[in-house]
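Remember, it's a predicted structure, so these values are computed and weren't measured experimentally.
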Amino acid sequence: MKKEVVAMLLAGGQGSRLYALTSNVAKPAVPFGGKYRIIDFPLSNCVNSGIDTVGVLTQYRPLELNAYLGNGQPWDLDRSDGGVHILPPYQREGEVGTWYKGTANAIYQNIGFLDLYDPEYVVVLSGDHIYKMDYSEMVAFHKKSEAACTISVLEVTMEEAKRFGILNVEADDKVYEFEEKPPQPKSNLASMGIYVFTWSKLRKYLIDDEADPSSSNDFGKNIIPNMLRAGEKLMAYRFAGYWKDVGTIDSLWDANMDLLSRNSGLDMYDESWPIYARTPIKPPHVTGPDASISHSLVTGGCRVDGVVANSVLFNSVTVEKGADIQYSILMPGATVKAGAKVYYSIVAENATVETEAVVGSAPDGGENWGIAVVASGVTVGEKATVSPKAMIREDVKGGEQA
């Protein structure tokens, strides 16, 4: 069962910054781009990179995510020798069961799983980023440099650098310092949260970290700094493609809108690097005589009789006659009734916007403007108004303003 490379995908995040969208699902299971979920991107990257053994570490609200992953068949990970493995926290004999306390502790609790495959290298990934990346090239870089750990980095502006873990490197990209969200960054090389470790090295540091009662059990706060202090060789791997952390409402909306731009760098039509997904079987979308669709993604099962512009419609969305959808994301099963207006908003799964209701508005340049969000299953009543930046988790009665 030995594998040279095993990927560990951290998919247990609560996604609190996505507010209403993650009330009932883990962040990696949030729908994206008309037919995908966020987790499809790292999973597809693994398969396209030749990594056929992936541990998916779940924790928060895992039911929908587990059902979506199933046996891994859509990603060609339904294998008897490897494949996808769902790894929730569990209680071991003689111990009190515990949640994953941090990213490092999540991997520590699954040392037994990794030992089954006895890998030379472990790729640690996050389940909440949108990007395409060939991990095999990063592993090859790691092997050639004979590093204990290689960290994928992206160049950001110096202002943005304050929000990231920043790597300071020598001329050959060897890391000599790691700063977590520094107020005055020394470089603009931001960690993407993608790591390649030599397993024999990482195993030791995970065990030592777990024995430290003061540790946060986190890669960025503990494991990486500990390896640096011990003199281990850490390398920065420069990535120049599209990458976005979709952990906020604005970034999730932005990434969906990027799909409508030919110059965003996120090419979903590249046949050499497909993004696989578990896609429901639906009939083609249908439009009525009064429908108008422009610069939008509309997927199977949709019925459009109104106006849709600069928007992303997932499967089984209904837009009735006279409804107006602008710069918005309508997730699976959403319904917008006749005469309703949805501007710069995200309407989650199976939510309903009733007749002549208004959700969101066009940008006004003010500080209070933002993307409006209607949570899964919520009904916005007839002629109700949902203000920009509002997060609606419960039904709104007709005529009310939220």
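Within a 6.0 Å sphere centred on NZ of Lys201, heavy atoms belonging to other residues, nucleotides or ligands number 12 at most. The environment of Leu260 atom CG is dense: over 12 non-hydrogen atoms of other residues, nucleotides or ligands sit within 6.0 angstrom. Surrounding NZ of Lys321 are at most 12 heavy atoms belonging to other residues, nucleotides or ligands under 6.0 Å away. No more than 12 heavy-atom neighbours from other residues, nucleotides or ligands sit within 6.0 angstrom of CD on Gln184. A 6.0 Å sphere centred on NZ of Lys144 holds no more than 12 heavy atoms belonging to other residues, nucleotides or ligands. Taking a 6.0 Å sphere around CZ of Arg278, one finds it holds more than 12 heavy atoms contributed by other residues, nucleotides or ligands.
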Pair Asp250-Thr248, side chain to side chain donor-acceptor pair (under 3.5 Å): steps then yes or no: CA-CA 5 Å; Asp250 286 349; Thr248 66; 5.8 Å; no
Step-by-step side chain to side chain donor-acceptor pair (under 3.5 Å) determination, Thr299 to Asn315: CA-CA 5 Å; Thr299 51; Asn315 73 83; 5.6 Å; no
Lys221/Glu180 under salt bridge (charged side-chain N to carboxylate O under 4.0 Å, His left out): CA gap, chis, key distance, verdict: CA-CA 7 Å; Lys221 296 177 182 177; Glu180 183 68 25; over 6 Å; no
Steps toward side chain to side chain donor-acceptor pair (under 3.5 Å) verdict (Tyr100, Asn110): CA-CA 10 Å; Tyr100 293 141; Asn110 289 285; 3.0 Å; yes
Chi angles and distances behind the side-chain contact (heavy atoms from CB on, under 4.5 Å) call for Leu69, Ile86: CA-CA 8 Å; Leu69 293 174; Ile86 297 172; 4.1 Å; yes
Derivation and outcome, salt bridge (charged side-chain N to carboxylate O under 4.0 Å, His left out), residues Glu120 and Lys2: CA-CA 9 Å; Glu120 297 295 326; Lys2 182 174 176 61; 3.1 Å; yes
Test log, rule side chain to side chain donor-acceptor pair (under 3.5 Å), inputs Asn168 and Glu177: CA-CA 5 Å; Asn168 300 316; Glu177 186 179 22; 3.0 Å; yes
Verdict with supporting geometry, Phe219 and Phe178, ring pair (Phe, Tyr, Trp, His ring centres under 6.0 Å): CA-CA 11 Å; Phe219 279 107; Phe178 179 85; over 10 Å; no
Steps toward salt bridge (charged side-chain N to carboxylate O under 4.0 Å, His left out) verdict (Lys341, Asp324): CA-CA 5 Å; Lys341 294 177 172 59; Asp324 188 12; 6.0 Å; no
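Side-chain contact between Val380 and Thr352 is absent, with no heavy atoms from C-beta onward closer than 4.5 Å. Annotation: side chain of Asn256 is not in contact with side chain of Val246 (no heavy-atom distance under 4.5 Å). Looking at Phe314 and Leu297, their side chains never come closer than 4.5 Å, going by heavy atoms from C-beta outward. Looking only at side-chain heavy atoms (C-beta outward), Met257 and Ile329 come within less than 4.5 Å of each other. In this structure, Ser191 and Phe164 have side chains that are not in contact, with every pair of non-hydrogen atoms separated by 4.5 Å or more. A heavy-atom distance below 4.5 Å is found between the side chains of Met8 and Leu57. Between Val286 and Val304 there is no side-chain heavy-atom pair separated by less than 4.5 Å. Counting heavy atoms from C-beta outward, Val47 and Asp52 have side chains that stay 4.5 Å or more apart.
Rounding to the nearest 0.5 angstrom, the gap separating the OG atom in Ser328 from the CD1 atom in Ile346 is 8.5 Å. Put simply, OG1 on Thr318 and CZ on Arg303 are 7.0 Å apart, with the number rounded to the nearest 0.5 Å. One distance of note links CG of Leu21 with OG of Ser376; it measures 9.0 Å at 0.5 Å rounding. With rounding to the nearest 0.5 angstrom, the CG atom of Leu202 is 7.5 Å from the CD1 atom of Ile107. With rounding to the nearest 0.5 angstrom, the OG atom of Ser200 is 10.5 Å from the OH atom of Tyr205.
At distances below 3.5 Å, not a single donor-acceptor pair connects side-chain atoms of Ser264 with backbone N or O atoms of Arg262. When atom types are taken as modelled, the side chain of Ser152 and the backbone of Gly193 share no donor-acceptor pair closer than 3.5 angstrom.
Salt bridge annotation for Asp258-Lys244: present, with a cationic side-chain nitrogen under 4.0 angstrom from a carboxylate oxygen. With respect to the salt-bridge test (charged N to carboxylate O, under 4.0 angstrom), the residues Glu146 and Lys143 do not qualify. A salt bridge is absent between Glu179 and Lys162; no separation between the charged side-chain nitrogens and carboxylate oxygens falls under 4.0 Å. A salt bridge does not link Lys204 with Glu232: none of the charged nitrogens is closer than 4.0 Å to a carboxylate oxygen. A salt bridge does not link Lys397 with Glu354: every distance from a Lys NZ or Arg NE/NH1/NH2 to an Asp or Glu carboxylate oxygen is 4.0 Å or more. Asp81 and Lys3 are joined by a salt bridge, as a carboxylate oxygen and a charged side-chain nitrogen come within less than 4.0 angstrom of each other.
A distance below 6.0 Å separates the ring centres of His142 and Tyr121. Ring to ring, Tyr344 and Tyr327 are close: their centroids are under 6.0 angstrom apart. A distance below 6.0 Å separates the ring centres of Phe32 and Phe41.
The aromatic rings of Tyr68 and Trp75 sit perpendicular to each other, their planes meeting at more than 60°, with 30° as the lower class boundary. Tyr117 and Phe113 have perpendicular rings, their planes meeting at more than 60° on a 0 to 90° scale where under 30° would count as parallel.
Closest non-hydrogen pair, Leu228 versus Val175, comes out as CD2-O, 3.5 Å. Contact detail for Ala161 and Ser187: the closest heavy-atom pair is CB-O, 4.0 Å.
Side-chain contact of Thr103 with Asp218: a donor-acceptor pair under 3.5 Å is present, judged by distance alone. Side-chain contact annotation: Asp267 with Trp273, donor-acceptor N/O pair under 3.5 Å absent.
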